[in-house]
2 protein chains.
Amino acid sequence: MPNETEYLKHIAYDSVIFGFSGTSLKILIMEYHGTGIFALPGGFVRIDEPIDAAVVRGLRERTGLDDIYLEQCHTFGGLERSQPEAMRQILEANDLDPQDYLWMLERFISVSYYALINYEEVNPTPDALSDSIEWYDVDNLPPLAFMHEEIVEKALLTLRENLEKKLVSSKLLPRQFTMKELQHVYESILGTEIRRTTFQRKMLSLGVLERHEKRYSGKAHKAPYLYSFIERE
Amino acid sequence: MPNETEYLKHIAYDSVIFGFSGTSLKILIMEYHGTGIFALPGGFVRIDEPIDAAVVRGLRERTGLDDIYLEQCHTFGGLERSQPEAMRQILEANDLDPQDYLWMLERFISVSYYALINYEEVNPTPDALSDSIEWYDVDNLPPLAFMHEEIVEKALLTLRENLEKKLVSSKLLPRQFTMKELQHVYESILGTEIRRTTFQRKMLSLGVLERHEKRYSGKAHKAPYLYSFIERE
DNA sequence: TACTATTGTCTCGTGATGTGACAATAGGAA
DNA sequence: TTCCTATTGTCACATCACGAGACAATAGTA
């Protein structure tokens with residue numbers, strides 16, 4: 001368990017881990033042991049560790065992935081987000097004496113990040129304090145502690161802004177995908193419907209897609225081509 | 001002087017305060033008493049103070065303005081930005097014993113903000129530790145301590161992204177202004193030249209400008225109209 | 001009264017985007 | 001086999017935003 005002398009007091013990070021499956025955008029939510037408390041996966045920063053490195057460390061522990069696409073979102077520095085009761089509850093449910101972890105009950109500043117991962121490659125693993133870590137549709141989340149809804153909201157906004165600018169979609173899809181799958185990524189992030197023909201024309205004109213063989217789904221209609229993003233260094 | 005028990009350890013903020021005058025974008029830079037060290041105005045966060053409030057407090061002290069347009073930029077959480085020697089130098093130049101302010105020599109995480117103010121309304125005032133606080137052209141800054149160049153760079157990028165989205169220009173100009181002045185704001189933020197006719201057409205088509213009487217400059221040419229942004233609540 | 005620098009506006013061409021049409025398929029049904 | 005349906009790839013056309021240049025109107029000067 002985190003120790004007082006090992007971590008920076010008053011500073012935490014929270015990560016909004018996005019994945020995409022079917023037609024919907026999902027994020028990973030943890031549930032703490034026997035408390036019914038849901039929250040974003042987060043953690044503390046070691047005394048001599050860059051914040052970014054702390055986040056990468058946390059992501060590796062929870063997803064098994066190295067080399068995750070990560071972007072900082074916002075830093076929440078208000079007072080209203082310290083919830084000592086919830087924290088106490090979590091500690092007690094784990095048979096830890098809150099008296100030994102007083103620093104965890106104090107005010108925290110939260111630096112939030114979002115991460116983009118390929119849904120298929122991940123096997124979420126809970127940490128010491130949590131029962132489970134599971135995918136939830138972004139528009140069907142359980143109630144979150146520590147005002148984490150606000151963080152999710154901000155992450156979604158930032159993701160939307162970066163959608164075209166940073167080719168976000170390439171990080172959320174498997175290497176090869178159909179145009180329709182790509183369109184679903186855009187639609188689920190933007191929360192709007194997109195006209196098929198316009199979308200296809202625009203994507204192709206960007207010059208970042210490579211076309212491969214067709215994918216036969218077994219359905220009674222024309223088979224779509226598979227595409228991949230052109231690698232460039 | 002800041003006291004150890006009063007402020008959160010390891011957490012600071014830095015503000016990039018933008019102003020616009022003539023044809024160039026400027027920011028406020030402080031120089032510490034007799035050290036030749038230049039840096040962005042920044043400060044610490046009180047134990048029970050939201051970070052945003054700490055920044056507003058600092059801005060009020062330095063500019064005399066309440067109600068400043070403020071936006072968070074990025075949080076710098078790396079290790080490379082602690083410069084205990086510079087900090088020691090600043091303390092000693094102020095006849096303070098570094099032994100009494102050891103917490104100020106430790107690692108800091110910096111939450112950066114940018115502020116937009118009307119250049120004409122401000123009378124910059126130095127704080128306890130600084131000799132001067134003065135306007136510098138963004139593309140002609142003195143060398144800055146604490147890797148503050150990086151913060152300025154990031155603030156400029158963010159400002160550019162928000163230029164059209166958040167009508168940034170309205171915060172940098174006096175209530176009434178000419179189309180050419182507005183164009184200079186855009187050009188100095190984007191760092192590029194803009195075609196006059198295209199710019200004028202676009203601004204007018206946005207429907208956010210109100211036209212007033214002409215301004216006679218005394219120069220031998222047609223007088224431009226004055227405009228203001230339409231207030232809306 | 002002529003001249004100059006600047007401003008407000010228009011036109012034209014180009015490229016991106018909205019919108020609908022249409023032919024080409026993959027498999028199922030008759 | 002032949003027809004049928006859902007989906008896909010592509011095109012044509014209208015519309016709109018924007019780059020680029022042209023031009024008349026104007027404030028003060030010579």
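Order of the sequence lines fixes the chain letters, A, B, ..., with proteins taken first and strands second; residue numbering starts at 1 for each chain.
Classification of the A/Tyr119-A/Trp135 ring pair by plane angle, with boundaries at 30° and 60°, yields tilted. Note on ring orientation: taking the six-membered ring where Trp is involved, the planes of A/Phe108 and A/Phe44 are tilted (angle from 30° to 60°). The aromatic rings of A/Tyr186 and A/Phe199 lie perpendicular to each other, with more than 60° between the two planes, well past the 30° mark. Ring pair B/Phe146/B/His148 is tilted by interplanar angle, where 30° to 60° counts as tilted.
The stretch residues 186-205 of chain B comes close to DNA chain D through B/Arg195, B/Thr197, B/Thr198, B/Arg201, B/Lys202, each having a heavy atom under 4.0 Å from the strand.
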Using atom names, set out every protein N or O paired with an N or O of nucleotides 26-30 of chain D below 3.5 Å, distance rounded to 0.1 Å.
unit_1, atom_1, unit_2, atom_2, d
D/dT26, O2, B/Lys222, N, 2.9
D/dA27, O4', B/His221, O, 2.5
D/dA27, N3, B/Ala220, O, 3.2
D/dA27, N3, B/His221, N, 2.9

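Under 4.0 Å is where a charged nitrogen must lie from a carboxylate oxygen, and between B/Glu181 and B/Arg215 at least one such pair does.
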Original post:
B/Tyr13 and B/Tyr113: ring pair (Phe, Tyr, Trp, His ring centres under 6.0 Å), yes or no, with the steps?
Top reply: CA-CA 8 Å; B/Tyr13 71 85; B/Tyr113 288 76; 7.1 Å; no
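In this structure, A/Tyr227 has its ring center no closer than 6.0 Å to that of A/Phe177.
B/Arg211 comes within contact range of the sugar-phosphate backbone alone, with a heavy-atom separation under 4.0 Å but no base atom that close.
By the 6.0 Å contact criterion, NZ on A/Lys214 is enclosed, its count of non-hydrogen atoms from other residues, nucleotides or ligands being greater than 12.
For the residue pair B/Thr63 and B/Thr125, the shortest heavy atom distance occurs at N-OG1, 4.4 Å.
At least one donor-acceptor pair under 3.5 Å links the side chain of A/Gln183 to the backbone N or O of A/Ile194.
For DNA chain C, the span of nucleotides reached by chain B at under 4.0 Å from its heavy atoms goes, 5' to 3', from C/dT4 to C/dT11.
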